There are 2 protein chains.
Amino acid sequence: MTPPLPAKRPLTTVDIAIFSIRDGRLCVLLVKRPSGKDEPYPGRWALPGGFVDLENDKSLEDCAVRKLREKTGVASPYLEQLGSWGDAKRDPRGWSATHVYLALIAGPEVKPEAGGNAPEADWFPVADSGVAGRLAFDHKDLLAAALARIRAKVEYTSLPVHLVDEPFTLTELQRAYEIVMGRPVNKAAFRKRILDAGIVESTGEFRGGQARPAELFRHARAAERLAYFPRTFSPRP
Amino acid sequence: MTPPLPAKRPLTTVDIAIFSIRDGRLCVLLVKRPSGKDEPYPGRWALPGGFVDLENDKSLEDCAVRKLREKTGVASPYLEQLGSWGDAKRDPRGWSATHVYLALIAGPEVKPEAGGNAPEADWFPVADSGVAGRLAFDHKDLLAAALARIRAKVEYTSLPVHLVDEPFTLTELQRAYEIVMGRPVNKAAFRKRILDAGIVESTGEFRGGQARPAELFRHARAAERLAYFPRTFSPRP
DNA sequence: ACAATAGTGTCTGTGAGACAGTATCCC
DNA sequence: GGGATACTGTCTCACAGACACTATTGT
């Protein structure tokens, strides 16, 4: 006897919370929902994402990478899965489940493309647990979860190295930490922490401003994976 | 114009990695795959789980709670989402996505039920990154991820409080930590860490053996959420 | 008294914070 | 020299580990 496969299956999507630092603020990339009739949440801002395409997506992560590249042109960013959300009500079109990824990219190379039939896209600064406007679906919750994740991890990992462009100075990296953490950190302690972890390596070059030039660093091999520090910054809230 | 919903949708399941301590070892609950014709991996052991039932499951978490209660009778265990896995190949029946949950339960109340038409179920001790036999689907990977998660969290959270029955002594709680960590911890440091965190509270009772009676504790309110300690146990491997 | 387990006091080590001090650029 | 930013030395503090010590039971 052949066991029956479920005829009714959830709508299945992948959404991505893509973060970057713009003008000294942590920002998330949002796209505008299409305004066609019967479209849910027409014109609302939402996390980029869409249905999994069983013909072309080999896996959920493939799907996330593809959508990320479409939106930002970035090929290999920091990407981790955040989790999944699924229930009967979150999409008015029916029972739906979304697999949510979190991506970090370094600044300038990305200009959201609104050309062609691509949806309008823009960077929004995040404050507290989200952005100013209302988002489509339950994306407010997804965004809050993504923010909680990176704000937790910044305390004990090297995660912000993926938010700075190479080469970078330690002061720039420290700024990235501070922007994500929302509070200043001690310079001497910060430098020891980062250098001891071996996640950055000197390029040997220096960048001069109108003061003493700062040593330039790049990601070390070890930066591919997050480094876990033996202690968090303190105090933890 | 109405945008088309995808006609092809992934098979969608929920799987749960349920851990408990049996005979001083960390164990995971596995169920035997049915042996019907056309069943994938007939007779293999697998994590308990199954298709999401769009009619009866209001959400993924509801589905996980239901399956957990069916297998163990435990109503409100520690439950957290581990993540989701989805690709074209992991289930021979087609493109499938599974939402994986991790549960911890305290010992004795649970006897896996093999009666009726419920599948055979049993506890398997885990070593290193999994169990001895081969598992169905990609459940070896899911189990390894679940183990990695709890082994990471035991280093800096109060997670093992969910593996001990109330009331418990601090020595019993320490044993639970040691079983999950796979190494001994210092008694004095352990007690300070736990007591300072406020995750346990004294019952005022004592349990006598053939030596000095030990103070009995229960979970404090704060134990509902995990407590995060300011430092990990050291050394981290 | 002795075995056994519960619980504590004290010292050391490590890494973060505070903060002032030195170093090196441009003007 | 002075302003600006980069970098470091030194002290303190908090908390984990080591380990020996005391405490309280049953036999």
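Convention: sequence-line order gives letters A, B, ...; per-chain numbering from 1. As the structure is a prediction and not an experimental result, all values here were calculated from the model.
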Among Val180(B), Ile179(B), Leu173(B), whose side chain to side chain contact (heavy atoms under 4.5 Å, CB included) with Tyr177(B) holds? Leu173(B)

Closest to the Arg231(B) side chain, choosing from dA16(C), dC15(D), dG17(D): dC15(D)

Is the charged tip of Arg207(A) near the ring of Phe168(A): under 6.0 Å from the six-membered ring centre and within 45° of its axis? no

Per-nt protein contacts along nucleotides 19-27 of chain C (heavy atom under 4.0 Å; B base, S backbone sugar-phosphate only, - none) come out as B---BBBS-

Please report the distance, rounded to the nearest Å, between CZ in Phe206(B) and P in dT25(D). 9 Å

Separation of dC7(D) atom P from Ile194(A) atom CD1, nearest Å, is 14 Å

Per the under-4.0 Å heavy-atom filter, residues of residues 169-182 of chain A near DNA chain C come out as none

Whole angstrom value for the distance that separates C1' of dT5(C) from CZ of Arg207(B): 13 Å

note: Asp196(B), atom CG; dA14(D), atom C1'; distance rounded to Å ~ 11 Å

Other residues, nucleotides and ligands only: do more than 12 of their heavy atoms fall within 6.0 Å of NZ on Lys153(A)? yes

In whole Å, what is the span from the OH atom of Tyr228(B) to the P atom of dC15(D)? 19 Å

Compute the ring centroids of Phe19(A) and His162(A), then answer whether they are less than 6.0 Å apart. no

What is the distance from CZ of Arg193(B) to P of dG17(D), rounded to the nearest Å? 7 Å

Leu142(B) CG to Ile16(B) CD1 distance, which is reported to the nearest 0.5 Å: 12.5 Å

Answer yes when Asp87(A) and Lys58(B) have at least one side-chain N-carboxylate O distance shorter than 4.0 Å, and no when they do not. no

Ignoring hydrogens and angles, does a donor from either the side chain of Arg191(A) or the base of dC7(D) sit under 3.5 Å from an acceptor on the other? no

Evaluate salt bridge (Lys or Arg N to Asp or Glu O under 4.0 Å) for Arg175(B) paired with Glu178(B), printing each intermediate quantity in order. CA-CA 5 Å; Arg175(B) 272 300 288 154; Glu178(B) 290 174 335; 3.7 Å; yes

Separation of dT8(D) atom C1' from Phe190(A) atom CZ, nearest Å, is 16 Å

Cut-off 3.5 Å, side chains only: do Ser84(A) and Ser84(B) have a donor facing an acceptor? no

Tell me whether the NZ or CZ atom of Arg231(A) lies within the 45° cone about the ring axis of Tyr156(A) and under 6.0 Å from its centre. no

Just the rounded figure in Å: distance from C1' of dT12(C) to NZ of Lys192(B). 12 Å

